[in-house]
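Step one of this worksheet: look at the structure below.
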Amino acid sequence: MARRLRAEGKPLPLEALGEALRLKGPVEPVLLPLLDGRFWHEGEVGLWEWIYPLSEEKVVVLDLETTGLSPREDGGDEIIEVGLVALEGGRRRTLSRLVRPRRPPPPWITRLTGLTWEDLKEAPPLEEVLLEVHEALRGSTLVLHNAPFDLSFLQPALKWVGLSWEGVVVDTVVLARRALPGVRRVGLDSLAEVFELKPENRHRALGDALLTLEVLHEVYYMLTAGRPRPLHDLGKGVHRV
């Protein structure tokens with residue numbers, strides 16, 4: 001439904017939406033139960049995103065690619081790519097950086113991400129990339145999909161290079177579970193299917209950050225249901241580090 005409304009680019013009467021979806025018979029019994037918090041209607045059906053921006057707060061959506069799942073200070077897995085989308089004052093900018101690890105990524109990470117040692121061995125070191133990330137994070141609300149994982153790499157890495165960050169973290173996994181209590185799988189691929197999104201460059205940091213932003217928009221409009229408020233005020237799924 002959201003895809004159809006975005007294609008139209010304007011609100012539609014229920015009857016017109018029913019025709020567009022090729023429904024037969026009365027449309028209200030079919031469509032009204034589907035109109036969750038992403039949609040508004042006063043005789044018409046549209047999208048909240050058309051009339052209200054995400055929020056006025058500074059937001060950074062971030063994703064990391066790593067050499068594995070276990071960050072450890074000595075000999076553990078490492079960050080090999082950082083991607084982020086920064087939203088502030090109606091402006092949007094992206095950052096995508098490869099990071100040179102101490103050793104080549106294992107074959108399963110290369111299969112997953114497509115990143116090889118040839119791609120990474122000339123990349124900048126972690127401390128150089130983290131300076132850019134730290135500047136982007138200043139004064140922001142940080143959005144992550146499965147926040148514990150990314151924070152388990154990001155916070156020790158910042159500490160290692162002599163930096164720190166404190167602020168509000170929003171976990172889209174928790175928000176998705178709140179918005180979609182009947183959905184059991186809340187990975188990015190599963191949520192992309194639920195929300196009819198078209199992922200690009202999956203398992204690359206910027207591609208996953210952009211997909212996380214799309215998921216954030218969907219669950220945000222469902223949870224606010226026409227009563228928009230800042231991300232840091234969404235309740236469960238938001239915490240401070």
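None of the values given here were measured: they were computed from a predicted structure. Only heavy atoms go into these numbers, but all of them, side chains included; no hydrogens, no water, no symmetry mates.
Nearest heavy-atom pair across V27 and G18 is CG1-CA, 3.8 Å. Contact detail for V219 and A176: the closest heavy-atom pair is CG1-CA, 3.8 Å. Here the closest non-hydrogen pair linking G83 and A209 is O-CB, 3.8 Å. Between L47 and A2 the shortest heavy-atom distance is CD1-O, 4.2 Å. When all heavy atoms of G68 and I109 are compared, the pair lying nearest together is N-CD1, 4.1 Å. Pairing each heavy atom of N146 with each of D171, the nearest pair is N-OD1, 3.0 Å.
Residue pairs meeting the side chain to side chain donor-acceptor pair (under 3.5 Å) criterion with at least one partner in residues 81-95, sequence neighbours excluded, are E81-R204. Contacts classified as ring pair (Phe, Tyr, Trp, His ring centres under 6.0 Å) and involving residues 106-149 (residues at least two apart or in different chains) are given here: F149-F153. Judged as a side chain to side chain donor-acceptor pair (under 3.5 Å), not a single pair has a partner in residues 17-27 (not counting sequence neighbours).
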Please determine whether side-chain contact (heavy atoms from CB on, under 4.5 Å) holds for the pair L126 and I79, giving the CA-CA distance in whole Å, both sets of side-chain angles, and the decisive distance to 0.1 Å. CA-CA 8 Å; L126 180 62; I79 297 170; 4.2 Å; yes
Given L158 and Q155, is the side-chain contact (heavy atoms from CB on, under 4.5 Å) satisfied, shown in steps?
CA-CA 5 Å; L158 287 170; Q155 288 180 306; 5.6 Å; no
Worksheet item: Can L32 and L14 be said to form a side-chain contact (heavy atoms from CB on, under 4.5 Å), step by step?
Response: CA-CA 9 Å; L32 286 180; L14 274 176; 3.9 Å; yes
Practice problem: Verify side-chain contact (heavy atoms from CB on, under 4.5 Å) between V85 and L206, making sure each step is shown before the conclusion. | Solution: CA-CA 8 Å; V85 188; L206 182 56; 4.2 Å; yes
Can I get a per-line list of side-chain donor-acceptor pairs under 3.5 Å for residues 234-241, giving both atom names and the distance, sequence neighbours left out?
none

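To the nearest 0.5 angstrom, L112 atom CG is 6.5 Å from E65 atom CD. Put simply, NZ on K198 and CD on E193 are 14.0 Å apart, with the number rounded to the nearest 0.5 Å. Taking CD from E128 and CZ from R100, the interatomic distance works out to 8.5 Å, rounded to the nearest 0.5 Å. Atom CG of residue L95 and atom CD of residue E135 lie 11.5 Å apart, to the nearest 0.5 angstrom. Once rounded to the nearest 0.5 Å, the distance linking CG of L231 with NZ of K58 reads 14.0 Å. The OG atom of S140 lies 9.0 Å from the CG atom of L62; values are rounded to the nearest 0.5 Å.
In this structure, D208 contributes its side chain and A205 its backbone to no donor-acceptor pair below 3.5 Å. A donor-acceptor pair under 3.5 Å is formed between the side chain of T224 and the backbone N or O of Y220. The main-chain N or O of L137 is found under 3.5 Å from a side-chain atom of W165 such that the two form a donor-acceptor pair.
Under the side chain to side chain contact (heavy atoms under 4.5 Å, CB included) criterion, V161 pairs with E127, L130, L163, sequence neighbours left out. For V129, the side chain to side chain contact (heavy atoms under 4.5 Å, CB included) partners two or more places apart in sequence, or in a different chain, are V82, R97, V99, P124, V133.
Here the side chains of V169 and L144 are in contact, with some heavy-atom distance below 4.5 Å. No side-chain heavy atom of V45 sits under 4.5 Å from any side-chain heavy atom of P11. In this structure, the side chains of E8 and L5 stay at 4.5 Å or more apart for every pair of heavy atoms.
Heavy-atom contacts from other residues, nucleotides or ligands closer than 6.0 Å to CD of E132 number more than 12. A 6.0 Å sphere centred on CZ of R178 holds more than 12 heavy atoms belonging to other residues, nucleotides or ligands.
L223 is connected to F39 through a chain of hydrophobic side-chain contacts under 4.5 Å among Ile, Leu, Val, Met, Phe, Trp and Tyr, so both are in one cluster. With hydrophobic clusters built from ILVMFWY side chains whose heavy atoms lie under 4.5 angstrom apart, Y221 shares a cluster with L31. A continuous path of hydrophobic side-chain contacts links L213 to L180 [ILVMFWY only; heavy atoms under 4.5 Å]. Transitive grouping of hydrophobic side chains (ILVMFWY, heavy atoms separated by less than 4.5 Å) brings V170 and L87 into a common cluster.
No option in V143, L197, L175, V61 other than L197 meets the side chain to side chain contact (heavy atoms under 4.5 Å, CB included) test with V215. Under the side chain to side chain contact (heavy atoms under 4.5 Å, CB included) rule, V168 has a single partner from T141, D233, L142, which is T141.
No hydrogens or angles considered: nothing links the side chains of E78 and T67 as a donor-acceptor pair under 3.5 Å.
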